[in-house]
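The structure appears below as structure tokens.
Below, chains carry the letters A, B, ... as their sequence lines are ordered, and counting in each starts from 1. From a predicted model like this one, the values you see are computed outputs, not experimental measurements.
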Amino acid sequence: MKPRVRFAPSPTGYLHIGGARTALFNWLYARHTGGTFILRIEDTDAARNSQEAVDVILNGLRWLGLDWDEGPLTGDATGPGKGSFGPYFQSQRTRIYMDYMQKLLSGGHAYEVQEGKDEGTIKFKMQREPVVIQDLVVGEVVRKLTDREEVDPDFIIRRNDGVPVFHFVNVVDDLQMNITHVIRGEDHLSNTAKHIALFKAFGVPPPHYAHIPLILNNDGSKMSKRDFGASLTTYIEEGFLPEAVINYLCLLGWSPKNNREIMPLNEVVELFDLPQILRHNARFDMAKLIWLNGKYLRERTTTTTTTTTKPPPPDNEDFYLLGISALTRVGTPVEKFPLAYIRAALDTCRGKFKTFSELPAYAGFYFTDKIEYDAEAAKKDFVPENKPRLEKLRDAFAKIPARLGDSSSGITELEGGGFLAANLEAALKETTKALGVKAGVLVHPCRLAVTGKTSGPSLYHLLEVLGKEKVMARIEKALANMTS
RNA sequence: GACCCUAUGGUCUAGCGGUUAGGACACCACCCUUUCACGGUGGGAGCCCGGGUUCGAUUCCCGGUAGGGUCGCCA
């Protein structure tokens, strides 16, 4: 029988990065074995459930590329789904729960509490002996009763308002949906004893269990909602590439064991299996994710192109889209600039940054005329002796004719002789020669004058994209700032 | 408090009875370069502690310590 696995999140309004990895491992196992990956929404706690909260989960999984074979198609609990074991929202399965609850009651495995603090609830008669759990990741675990359970091992499976509780519905669903392998976070390991007892009471063998270690913060503390990076939404918004996030998640708690770091998902699908999952928790290392993201980003957009060279790689529309949204997100008025200019500007940034969130700081100078000079650099570069040098450079640039339409059009150009990177470089080199200085002597003050920063895209290409008008104005302004 | 899981550089990991303990991120230095980034080269940094078992333990066993998890009318 082919494995049937499920990811069963509760719609809390966000998708935890650890939950995303649980989904990934389930998905990987299903794809590796040719089994079925099921998405089930555990929305029994009606109070805080909403369609939006479910959408967060669906969108997150879709963004990661984890497609499910059975489960809801929309965030609407009463809406359409696919698969023949539905409904896939627990809120829609009351009938099923009532039937199974009845089975337990009539079989003498559960009873309604008549008095005391638990009055009105239904409790499951839990066994008093230790439960043996055969875990595919952890191995054999003998779960003994805790001191409190020693007093009363029975646990509530239906609240006094009639709503069945997690342990019960979880088991009923897994049973009714023919789940063969339960792959979930290790936080459920202790609870598994209850689940196994429940399966036993229903007279069926429990599924195989595989408890995967948790993801902790970089300092080793538990990762909760508040911690940066805990929510998958963050990665979507910060402009991470899904393939980088997936790749990183694969490497947390699992290893290809051949020193490989960057792996396409289909290769992971081939190699992945449950027994080789690590047994210890992993700390989340944002720096490594960022490095991976940079790798993928560069792989996708590595060609440095400008208006004057060949057209940008064809399938990189999303590079512009992601770039524009990153800029817009922090209030950069990109809409005031022609698309061709924006694209040309973004092209000069290709391969230079690791996440799109770095872009605004990196390329902001393209979209504002208020250049604020890096104070330390200004002290170093805007010195009296550099003033005549920068003036010389300005004069050299002045001799180069502007492109038609200049700064606003971005693509129109003069035949070979305009304000282009190659010509600008030649002019600068010539000036340095005349001055008898090294290129850096002119490059640094020029870059600072035009961008306000000490680092950024290729100077010549950036000047070309900016256009003669802006370049000259910015150099003038810088000169005015310098004392002779 | 009880119960469960875990323990290789700062982080992710390979190794699991005899290895110069391997790789990656991060860090430092140098090279490349118009800056930055990329790419090179080199470097510092590790088997949690204590007992066993063994000719020999990072590797096996026990204890401790530390971290994490669970014991809910949350999931």
Side-chain angles (χ1 to χ4, degrees), chain A residues 8-12 42-45 47-48 90 113 117-123 130 133 135 137-139 141-151 153 155-167 169-170 185-194 211 213-214 216 218-222 248 251-262 278-292 294-295 298 302 304 349-354 358 362 377 424-425 428-429 432 438-444 446-448 451 453-462:
Chain A
S10 171
T12 55
E42 306 225 333
D43 59 344
T44 52
D45 187 18
R48 55 177 184 206
Q90 289 185 332
V113 180
K117 68 174 170 65
D118 297 333
E119 185 180 337
T121 64
I122 292 181
K123 278 186 155 186
I133 303 164
D135 193 279
V137 172
V138 187
V141 176
V142 181
R143 168 69 225 271
K144 297 192 209 91
L145 298 185
T146 67
D147 52 0
R148 280 185 225 189
E149 289 165 340
E150 206 69 65
V151 176
F155 57 94
I156 293 169
I157 53 176
R158 199 200 71 182
R159 301 194 225 156
N160 62 8
D161 64 359
V163 178
V165 162
F166 167 73
H167 298 299
V169 294
N170 190 267
E186 200 200 75
D187 48 338
H188 284 106
L189 185 54
S190 288
N191 288 152
T192 303
K194 292 180 175 140
H211 286 93
L214 271 21
L216 309 177
N218 199 247
D219 65 359
S221 62
K222 76 177 283 192
Y248 179 69
L251 262 25
L252 276 189
W254 177 84
S255 163
K257 298 187 190 298
N258 55 187
N259 284 344
R260 295 209 40 202
E261 305 286 338
I262 297 171
L278 274 301
R279 272 139 291 215
H280 58 266
N281 295 342
R283 300 180 185 206
F284 197 90
D285 185 7
M286 189 63 81
K288 185 153 182 177
L289 203 211
I290 289 172
W291 167 76
L292 257 172
K295 278 281 195 194
R298 245 171 280 121
T302 197
T304 302
C349 304
R350 285 177 187 276
K352 297 279 200 164
F353 53 91
K354 297 196 187 104
E358 294 171 29
Y362 194 81
L424 290 158
E425 179 168 6
L428 185 137
K429 290 277 163 70
T432 55
K438 291 206 283 189
V441 175
L442 287 182
V443 166
H444 296 296
C446 180
R447 174 183 296 282
L448 188 64
T451 71
K453 294 176 170 299
T454 57
S455 66
S458 158
L459 178 66
Y460 311 118
H461 293 94
L462 140 201

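Here A:Leu278 lies in heavy-atom contact (under 4.0 Å) with sugar-phosphate atoms only. Among the protein residues, A:Glu358 comes within range of no part of the nucleic acid, since none of its heavy atoms lies under 4.0 Å from any strand. At the heavy-atom level, A:Ser255 lies under 4.0 Å from the strands shown only through sugar-phosphate atoms. Nucleic acid contact class of A:Asn191 (heavy atoms, under 4.0 Å, all strands): base. Note on A:Lys194: only backbone sugar-phosphate atoms sit closer than 4.0 angstrom, heavy atoms only; bases stay farther off. Residue-level contact check: A:Gly253 touches the backbone only, with heavy atoms under 4.0 Å from sugar-phosphate atoms and none from bases. A:Asp118 comes within 4.0 angstrom of a base, heavy atoms only.
Taking atom P in both B:C27 and B:U11, the straight-line distance is 16 Å, to the nearest Å. Separation of the C1' atoms belonging to B:C74 and B:G63 is 37 Å when rounded to the nearest angstrom. Comparing the C1' positions of B:G42 and B:G50 gives a spacing of 39 Å, expressed to the nearest Å. The gap from the P atom of B:C38 to that of B:G44 amounts to 23 Å, rounded to the nearest Å. Comparing the C1' positions of B:C47 and B:G10 gives an interatomic distance of 16 Å, to the nearest angstrom. If you take atom P in B:G46 and the same atom in B:U33, they sit 36 Å apart, rounded to whole Å. On the P atoms, B:C73 is 35 Å away from B:C12, given to the nearest whole Å. One P atom belongs to B:U20, the other to B:C36, and the distance between them is 41 Å to the nearest Å.
In this structure the side chain of A:Leu428 reaches within 4.5 angstrom of the side chain of A:Thr432, judged on heavy atoms. With contacts defined as side-chain heavy-atom distances shorter than 4.5 Å, the pair A:Val137/A:Arg279 qualifies. Inter-residue side-chain proximity for A:Asp118 and A:Phe155 is flagged as unmet; no heavy-atom pair is nearer than 4.5 Å. Looking at A:Glu119 and A:Asn160, their side chains never come closer than 4.5 Å, going by heavy atoms from C-beta outward. Inter-residue side-chain proximity for A:Asp187 and A:Leu214 is flagged as met; some heavy-atom pair is nearer than 4.5 Å. Side chains of A:Trp254 and A:Pro256 form a contact here, defined as non-hydrogen atoms less than 4.5 Å apart.
Comparing B:C25, B:G15, B:G69 against the side chain of A:Asp187 picks out B:G69 as the nearest.
Between the P atom of B:C12 and the CG atom of A:Leu214 lies a distance of 13 Å, rounded to the nearest Å. Protein atom NE2 of A:His211 is 11 Å distant from nucleotide atom C1' of B:G69, rounded to whole Å. If you measure from atom CE of A:Met286 to atom P of B:C12, you get 15 Å, rounded to the nearest angstrom. The separation between A:Ile133 atom CD1 and B:G69 atom C1' is 12 Å, rounded to whole Å. Counting to the nearest Å, the C1' atom of B:C25 and the CG atom of A:Asn218 are 11 Å from each other. Across the protein-nucleic acid pair, A:Glu261 atom CD and B:A26 atom C1' stand 13 Å apart, rounded to whole Å. Atom CH2 in A:Trp254 sits about 15 Å away from atom C1' in B:G23, given to the nearest Å. The CZ atom of A:Phe284 sits 14 Å away from the P atom of B:A26 (whole-angstrom rounding).
Proximity of A:Lys222 to the phosphate of B:G68: no side-chain N or O atom is located under 4.0 Å from OP1 or OP2. Between A:Arg159 and the phosphate of B:G72, there is no side-chain N or O to OP1/OP2 separation shorter than 4.0 Å.
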Scoring nucleotides 2-7 of chain B by protein non-hydrogen atoms under 4.0 Å (B base, S sugar-phosphate only, - none) yields BSSSSS
Each nucleotide of nucleotides 34-39 of chain B classed B (base within 4.0 Å of a protein heavy atom), S (only sugar-phosphate) or -, in 5' to 3' order, makes BBBSSS
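Nucleotide B:C27: paired with B:G43 (Watson-Crick or G-U wobble, both distances less than 3.5 Å). Taking a pair to require two hydrogen-bonding distances under 3.5 Å in either a Watson-Crick or a G-U wobble arrangement, B:U6 pairs with B:A66. The pairing partner recorded for B:A21 is none, the criterion being a Watson-Crick or G-U wobble arrangement whose two distances lie under 3.5 angstrom. Pairing of B:G1, defined by two Watson-Crick or G-U wobble distances under 3.5 Å, is identified with B:C71. When both distances must be under 3.5 Å, the Watson-Crick or G-U wobble mate of B:U58 does not exist. In this structure, B:A37 makes no Watson-Crick or G-U wobble pair, since no nucleotide meets both defining distances under 3.5 angstrom.
Annotation: of the two residues near RNA chain B, A:Leu251 and A:Pro164, the 5′-most nearest-nucleotide partner is A:Leu251.
A:Lys429 pairs by the salt bridge (charged side-chain N to carboxylate O under 4.0 Å, His left out) definition with A:Glu425, not counting sequence neighbours.
Judged purely by atom type and a 3.5 angstrom limit, A:Asp43 uses its side chain to pair as donor or acceptor with the backbone of A:Gln90.
Atoms CG and NZ, on A:Leu216 and A:Lys222 in that order, are 10.0 Å from each other to the nearest 0.5 Å.
For A:Leu289 against A:Phe284, the heavy-atom pair with the smallest separation is CD1-CZ, 4.0 Å. The shortest heavy-atom contact between A:His211 and A:Val138 is O-CG2, 3.9 Å.
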* To do: Check the pair A:Lys288 / A:Glu261 against salt bridge (Lys or Arg N to Asp or Glu O under 4.0 Å), numbers first and verdict last.
  => CA-CA 10 Å; A:Lys288 185 153 182 177; A:Glu261 305 286 338; 2.9 Å; yes
